[in-house]
Amino acid sequence: MPQSPKLIIYDLDGVITDTAEFHFLAWKKLADELGIPIDRHFNEQLKGISRMDSLDRILEQASPPMKLSTEEKIELATRKNAYYLELIEEISPEHILPGIKALLQANKEAGIKTAIGSASKNAPRILEKLGLGDTFDHIVDAAEVKKGKPDPETFTAAADALGIAYTDCIGIEDAVAGVEAINRAGMFSVGVGDKAHLSHADYLVSATNELVFEEIIRRFQEKQNLS
Ligand code: BG6
Ligand code: MG
C-alpha cells in the first residue's frame, strides 16, 4: 500500500494568494526612491526571503552597495511595509488564487493536516482578510523562526508542532528559496511557477489552477516508492 502524506505545508505569498506581486510593487517603490534599479527578474530571489534579508539584497544592488546603520535599515523596512499594507488593504476572499479552495477542501476531506509555512510577519492578517483565519491546523509564525528560507526551519517547525515526520510532509512553494527549504527539510516539494527558477522542485506546475490534489498525492507516492 503506498503511504499517504500526513501534512501539507502551504506557502502563503504567491501560493494561497497573489501577494508576491504586492511585495514586489512595494519594494520597487522603495528602491525607486533610493535610486536602486530592481526588476522582476531580480525579484525572483526576494521571494520567500524575510523583510530584512530582502532589504539587504536590494541595498547590495546599489553601485556602490549602500551600507546603512541598523536604525536606517529599520526605517526603510518599515517604510516598505507601510507601502505593502496599503496594497493589501483591499484583499478579500476573492483574492484566493485559482484552484486553492478546491485543493484545501480535498486535502481536508482526505484527513491530511494542513499548515502555513510563511516568512511573512503579515501572514495572520492576510489569512484573516482571505477568510482563512481558522482553516489551517498550524501557522508557522515568522517571528519565531530563527533561520528563514532557504533554511528548512520554517517547514520543520510546522511538522514538529504537529508531531509529524518530515518524510510524511509535502510543501508547496512559489519561491526558489522556498523549494530549497522544503528539499533540505527532507520533504516532498511542489513548485508553482517557472521551470527556469524552480527546476529543483520534486513536482512542478506552472500555476495554482494546476494544483490537483490527487496528482500531488500520486507524485508524492511515486517518489516514496522510488526511494
Ligand atoms: C514572504 C515573501 O512570504 O514574506 C517575501 O515571499 C517577503 O517577499 C517575506 O519579504 C516577509 O514578509 P513581511 O510581510 O514580513 O514583510
Ligand atoms: Mg511565496
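Atoms within a ligand are numbered from 1 in the order they appear, just like the ligands themselves. In this chain, residues are counted from 1 in sequence order.
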Inset, instruction - With the Mg ion (ligand 2) as the reference point, give the N/O/S atom of D174 that is nearest. - result: OD1

Inset, instruction - Could you check atom 16 (O) of ligand 1 against the protein and tell me its nearest heavy-atom contact, residue, atom and distance included? - result: R51 NE, 2.7 Å

Inset, instruction - For atom 9 (C) of ligand 1, find the nearest protein heavy atom and state the residue, atom name and distance (0.1 Å precision). - result: I49 O, 3.2 Å

Inset, instruction - Report yes if K47 has an N/O atom closer than 3.5 Å to an N/O atom of ligand 1; otherwise report no. - result: no

Inset, instruction - Please write down residue, atom name and distance for the protein heavy atom closest to atom 1 (C) of ligand 1. - result: D13 OD2, 3.4 Å

Legend entry - Check: I112 main-chain N/O paired with N107 side-chain donor or acceptor under 3.5 Å: yes

Legend entry - Ring-face cation of K28 near F24 (centre distance under 6.0 Å, axis angle within 45°): no

Inset, instruction - Would you kindly check if the NZ (Lys) or CZ (Arg) of K223 is within the cone defined by 45 degrees around the ring axis of F188 and under 6.0 Å from the six-membered ring centre? - result: no

Legend entry - Identity and distance of the protein heavy atom lying nearest atom 11 (C) of ligand 1: A119 O, 3.5 Å

Inset, instruction - Compare S54, G48, A20 and give the one whose heavy atom is closest to atom 6 (O) of ligand 1. - result: G48

Legend entry - Residues, nucleotides or ligands: over 12 heavy atoms within 6.0 Å of R79 CZ: yes

Legend entry - 4.0 Å heavy-atom contact, L46 with ligand 1: yes

Inset, instruction - Can you sort out which atoms of ligand 1 are near N122, meaning under 4.0 Å from one of its heavy atoms? - result: 13 (P), 14 (O)

Inset, instruction - Determine which of the N, O or S atoms in D13 is closest to the Mg ion (ligand 2) and give its atom name. - result: O

Inset, instruction - For G133 and E128, work out which heavy atoms get closest and say how close. - result: CA-OE2, 3.5 Å

Legend entry - Test item: D11 side-chain N/O and G48 main-chain N/O as donor-acceptor pair under 3.5 Å: no

Inset, instruction - Looking at D11, pick out the N, O or S atom nearest to the Mg ion (ligand 2) and give its name. - result: OD2

Legend entry - Metal site the Mg ion (ligand 2): N/O/S of E173 inside 2.8 Å: no

Legend entry - Under 3.5 Å: N/O of K121 near N/O of ligand 1: yes

Inset, instruction - Report the distance from atom CZ of F22 to atom CD1 of I126, rounding to the nearest 0.5 Å. - result: 9.5 Å

Legend entry - Any donor-acceptor N/O pair, D137 side chain to T114 backbone, under 3.5 Å: yes

Inset, instruction - In sequence, state the C-alpha distance, the side-chain angles, and the governing distance for E210 and V192, and then conclude on side-chain contact (heavy atoms from CB on, under 4.5 Å). - result: CA-CA 9 Å; E210 292 168 22; V192 183; over 6 Å; no

